[in-house]
Structures are given as structure tokens and as C-alpha cells.
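Each residue takes its place number in the sequence, starting with 1. On a predicted model such as this, the values are computed, not experimentally measured, just so you know.
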Amino acid sequence: MSISHLARANVLALEPYLSARRLGGQGDIWLNANEYPLPPVYDLRGGDLNRYPACQPAGVITGYANYAGVGAENVVVCRGADEGIELLIRAFCEPGADAILFCPPTYGMYSVSAETFGIARRTVAAREDWQLDLPAIHARLDGVKLLYICSPNNPTGNLIEPETLRALLEMTRDRALLVVDEAYIDFCPQASVVSWLAAYPHLVILRTLSKAFALAGLRCGFVLANAEVVQLLLKVIAPYPLALPVADIAEQALSADGLRQTRTRVAQINANRETLARELAQCPCIRAVYPSVSNYLLVRCDPAYQVFKTLWDQGTILRDQSKQPGLADCLRITIGTEAECQSVVAALKALAPASSSSKESL
């Protein structure tokens, strides 16, 4: 007997976010989830596992506050930045009344999270250069409580111009929260807007340990915001969002030694990205390699080569972005080890040309 009729109508109609693991695949080279290619090594220091952990572990909060350059009162730690997206919706949006706004092509969980909670979703497509269309955003702001902007943007890899973010903050003052998703900011920390928090009480920043810290499997993220926003989020967060082992490893990752390891990783990934971008540009099947400040590259392929399927079948798993607005024939390639990057280039150069193709001018 089916029980589907008991489910909420919006959940029945919901199309879930297809994460890299849900999409599956079988291979030796995994460059589809923006993960760091090698596991860090931390030793669990133990603890009283018979006791519930702290809701907001002091060592993690203090460590990340010091790293981000904010006060402990400005930090919420949660189960990845994904939970941060949902906490904001739960705290600020009335189902059936309020809306969120985001600018595709961008991260898919803004949409899924809003739909799950019965919150309207408004979109304003990015311009051709993937910067934001400010007049169009302004025209759609009525009823919007949360404006999600990803910078560096996933999957395009570009930063949103700071003057655009300033304009959005003025536009949303006393109307909505501007949520800047900085999941990839560790690869270009100078572009963070964290120093703006004091000037803008409605600015919220999302962060994570999943990317530069190489801890995607830990599920540890952060919301940085003014104290009033933090206190509201703490009203709706789960009683024990971080397991004790998660807090233990996060605290170690935020230690002086852990931060040194992260800086080394960032330098290596950034160097590998620049090398890979140059070599991809020489592959006949690649029409365009777009600039990126993140741990991935977006490329546009000649469809005649069937790059995604061919490499998938060979065991190199990339991320197809073709269904995103404006990203027809585009793939996102995570920056792996030097050997993995070279393997991708070799596989692409080995593809037999099926038709003539010319590079796009950038």
C-alpha cells in the first residue's frame, strides 16, 4: 500500500539535488565534486562519547572566528554550509508568503532548500559575463527575504564584483538579508567580504571546511553574521549539530599546524589550476576554458566529441553542467593532483576529432 498521498505536495513534486555521489559513476579519477584529491591525516583525541556534545563547540567557534577575523559572537557552526542555507530559510522565511532570490547559473541547493520548506523561489539570470543584473534583481525584490549570491560562483568560478555586492547591500537594506556564499573563498581570501559585517547588519556569509580544508566528509560549515542574526539561527538549529569527532577534527584543522597545511593545499591547487587551464586550451575538443579563482574549471566542449560520456566510460568522472542556464555543452572539472590533471589532458587530446571546431574568444 502506498503512503505517498500522506506526503506534502511540494515534496512529491520536488526534484532533489543530484549530488556527485547520487549521480554515481565508476572510475579511478573523481573530478566531479570539488573535493581535495588527497585525504588529510588527523588523529581522534577521544572524548566522552556517552555524553551529548556542545551545541556550539567553543574550540571550533574560537578557531574559526580567529581564522575568519571576526568575533566568536559572529559565528555559527553547522553541518556544512548546506545546513546554513536551510537555517536562514527556517529563521527568516514564512512558508507561502516569502521568497528567496538567486541568480543562475549557480549552486542548486538554494532552490532545493527553499522548495523543501514551501518558500517561493525567484531567479534573475546572470549576464553573459556571469556578473549580476542589478536592475532585474531590484525589480524582483518585493517579498524576498533572502538573496543568495555565490562568490566565487559555483559552477562558473568567477568572483562577483565588489561594487555589485555593495550595491546589493544598499538595495536590500531593511528589506532582506544578502547571503554571500563563500564556500570557495579560501582559494582567493583577499576577495572576502567578511570585513563588511560591521557596516551591514543584514550581511550573512556562508563558509565551509569541505574545500580548501580537505574535509568534505566531515560536514562542517559556518555562518558568519552579526550577533542578532546568530542568535536567531541558534533558535532553530538542531540541539547537537556537530558530533564530537567532527568537532575534534575541525578544531585540529583550525590550529596553527592545520592552517599551515591548508595554505599549502591552496597554493598547490591554485598552481595546478593554472597549469590545467593552459593545457586544456590546447585540446581540440575544448572550445573555451573560463577563468576561475576556485578549485575547479568550467570548460565548454565541442559536442561532437561527447567528452563527458567518453571520459565517464573511461573512468574519469567530471560534472556535466549542460542543464544550467547558459551552460550548454559545459563541464566542470575539479582540480585534482598533478597526475590526475595530466591524465585528463591526455584523455582529451586522445579523443578523435569528429568535426571541425573553433575556440571561443573570451
Side-chain angles (χ1 to χ4, degrees), residues 14-27 29-35 102-112 115 121 123-133 148 150-158 181 183-184 273 276-277 279-336 340-341 343-345 347-362:
L14 179 67
E15 185 172 334
Y17 177 72
L18 292 179
S19 66
R21 294 300 168 264
R22 278 193 174 188
L23 287 170
Q26 306 229 342
I29 299 178
W30 293 83
L31 301 178
N32 65 337
N34 297 344
E35 302 151 318
F102 54 94
C103 301
T106 194
Y107 184 43
M109 279 305 297
Y110 311 136
S111 177
V112 172
E115 189 172 2
R121 298 158 295 152
T123 61
V124 174
R127 302 183 329 220
E128 287 188 6
D129 62 355
W130 296 322
Q131 292 299 318
L132 304 184
D133 186 339
Y148 287 97
C150 192
S151 182
N153 187 41
N154 177 17
T156 57
N158 65 293
D181 186 341
Y184 299 92
R273 183 188 66 232
L276 180 61
E279 296 192 358
L280 288 174
Q282 304 304 313
C283 295
C285 59
I286 302 297
R287 287 182 168 175
V289 181
Y290 296 102
S292 172
V293 295
S294 305
N295 68 336
Y296 53 87
L297 286 167
L298 185 74
V299 301
R300 194 178 300 273
C301 304
D302 184 331
Y305 287 81
Q306 297 186 313
V307 172
F308 176 75
K309 183 180 185 306
T310 303
L311 267 65
W312 176 287
D313 291 343
Q314 294 174 1
T316 296
I317 312 301
L318 309 179
R319 186 66 182 240
D320 186 4
Q321 297 292 336
S322 296
K323 292 184 179 179
Q324 289 248 39
L327 301 188
D329 304 316
C330 283
L331 300 178
R332 192 190 67 196
I333 305 174
T334 303
I335 308 303
E340 288 173 332
C341 292
S343 177
V344 169
V345 171
L348 293 176
K349 288 184 175 178
L351 294 181
S355 66
S356 60
S357 167
S358 59
K359 303 276 184 184
E360 287 185 22
S361 58
L362 299 181

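- Heavy atoms only, all atoms of each residue included: N32 and R332 are closest at O-NH2, 2.8 Å.
- Looking at heavy atoms from C-beta onward, P155 lies in side-chain contact with L327 at the 4.5 angstrom threshold.
- Once rounded to the nearest 0.5 Å, the distance linking CE of M109 with SG of C150 reads 13.0 Å.
- With a 4.5 Å cut-off on side-chain heavy atoms, R121 and F102 count as touching.
- The two atoms that bring T123 and P104 nearest to each other are CB-CD, 3.8 Å, heavy atoms only.
- Between C301 and C285, the closest side-chain pair of non-hydrogen atoms is not below 4.5 Å.
- Scanning all heavy atoms of the two residues, the minimum distance from R273 to S292 falls at NE-O, 3.1 Å.
- Note: E279 CD to L348 CG = 11.0 Å, rounded to the nearest 0.5 Å.
- To the nearest 0.5 angstrom, T156 atom OG1 is 9.5 Å from Q321 atom CD.
- Side-chain contact annotation: Y110 with D181, donor-acceptor N/O pair under 3.5 Å present.
- Side chain to side chain, Y296 and R319 fail the donor-acceptor criterion of an N or O pair below 3.5 Å.
- Proximity of L331 to D320: side-chain heavy atoms (C-beta onward) are separated by under 4.5 Å at one or more points.
- Distance NZ/K349 to SG/C283: 5.5 Å, rounded to 0.5 Å.
- Between atom CG of residue D302 and atom CD1 of residue I286 there is a gap of 9.0 Å, rounded to the nearest 0.5 Å.
- Using a 3.5 Å distance cut-off with no hydrogens or angles, the side chains of Y184 and N34 do pair a donor with an acceptor.
- No side-chain heavy atom of C103 sits less than 4.5 Å from a side-chain heavy atom of W130.
- Counting heavy-atom neighbours within 6.0 Å of Q324 CD, excluding the residue itself, gives a total above 12.
- Put simply, CZ on R300 and OG on S322 are 8.5 Å apart, with the number rounded to the nearest 0.5 Å.
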